[in-house]
Every structure is written in C-alpha cells, then in structure tokens.
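Throughout, residue positions are numbered sequentially from 1 according to the sequence presented. This structure is a prediction, so every number in the text was calculated from the model and none was measured.
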Amino acid sequence: MEDIHDVIDKLRSLKAAFPELLRLLDIALTIAVSSAACERSFSSLKRMKTYLRSTMSQLRLNNLAILSIESNIASSLPLEVVVDRFAYQHKNRRICLS
C-alpha cells in the first residue's frame, strides 16, 4: 500500500469489521479539503480589507471577496458585456464607460 487511498480500498472490503474506522477516514479526508477552501477565503479577505479600506461597506467587501475567490470564473467573463451591462443599469453615472 502506497497511500491512504489504498488503505481505504482495503478497508472497504472489510466494512463489516471496521465500519467506524472507515467512516473516520472518510471524515479525515474531507476536512482537509473543506478547511483549505475556508483558509483561502480568509486569506483573500485579509488582502482586501487593509487599513486604508477599513471603511468599505459590507456589500462591497462581499462582492470583492467573491470576485477574488472565484477569480478563475471572473477572468473568463467578457469584459465588454460586463461594462455595457453596468453602464445600462447605472445611467446616472458621471463616468462615460462606452
């Protein structure tokens, strides 16, 4: 056996003898993945919420956090479509976006 997945495969055949051990290993493998996502989120928030940006509203911070955490999805969005939609929804802006 070379890694934990080999151990789990062996234990699955002995599920009747070691049900709690198998369940514990499943939980242990899941926690590592789920805590890494949380740590990544808090790391992103730490970079965004600096001393200079401490007056940022909660809604803006949430939106920036989503963009930062899901940067791979955000980078694939067509920029022209996003800018046009923003300009259409906020017609009273002083900045001309087109």
Side-chain angles (χ1 to χ4, degrees):
M1 291 185 234
E2 293 185 14
D3 64 357
I4 191 72
H5 298 291
D6 294 336
V7 173
I8 291 175
D9 288 339
K10 279 286 192 199
L11 285 175
R12 288 210 196 281
S13 63
L14 304 170
K15 186 175 183 175
F18 303 106
E20 294 302 317
L21 182 61
L22 190 58
R23 185 171 171 214
L24 180 66
L25 285 172
D26 285 339
I27 291 171
L29 290 175
T30 306
I31 289 174
V33 173
S34 61
S35 66
C38 292
E39 289 174 11
R40 209 172 322 127
S41 300
F42 281 109
S43 178
S44 295
L45 282 173
K46 184 179 177 184
R47 284 192 307 267
M48 283 185 291
K49 186 96 174 178
T50 62
Y51 175 74
L52 296 174
R53 295 184 189 151
S54 62
T55 60
M56 187 183 315
S57 71
Q58 189 65 39
L59 179 64
R60 181 176 169 94
L61 180 63
N62 289 345
N63 292 336
L64 287 175
I66 290 170
L67 284 174
S68 176
I69 293 166
E70 302 294 341
S71 62
N72 55 344
I73 296 172
S75 64
S76 68
L77 292 173
L79 186 60
E80 290 294 322
V81 174
V82 174
V83 170
D84 290 342
R85 189 174 296 171
F86 180 82
Y88 179 76
Q89 289 177 351
H90 302 282
K91 293 181 180 180
N92 60 350
R93 296 279 180 180
R94 293 180 184 177
I95 301 172
C96 182
L97 297 174
S98 53

Residues pairing under salt bridge (charged side-chain N to carboxylate O under 4.0 Å, His left out) where one sits in residues 18-29, two or more places apart or in two chains, turn out to be Arg12-Asp26, Glu20-Arg23
dist Arg85:CZ -> Leu77:CG (nearest 0.5 Å) comes out at 9.0 Å
With a 3.5 Å cut-off and sequence neighbours excluded, list the donor-acceptor pairs that the side chains of residues 59-69 form with protein atoms.
unit_1: Asn62; atom_1: OD1; unit_2: Gln58; atom_2: NE2; d: 3.1
unit_1: Asn62; atom_1: ND2; unit_2: Gln58; atom_2: O; d: 3.4
unit_1: Asn63; atom_1: ND2; unit_2: Leu59; atom_2: O; d: 3.3

Applying side-chain hydrogen bond (donor to acceptor under 3.5 Å, both in side chains) to Ser71 and not counting sequence neighbours gives none
Connected to Leu24, directly or through other members, by ILVMFWY side-chain contacts below 4.5 Å are none
Here the salt bridge (charged side-chain N to carboxylate O under 4.0 Å, His left out) pairs for residues 69-83, sequence neighbours left out, are none
So CG of Asp6 and CG of Leu11: to nearest 0.5 Å the spacing works out to 11.0 Å
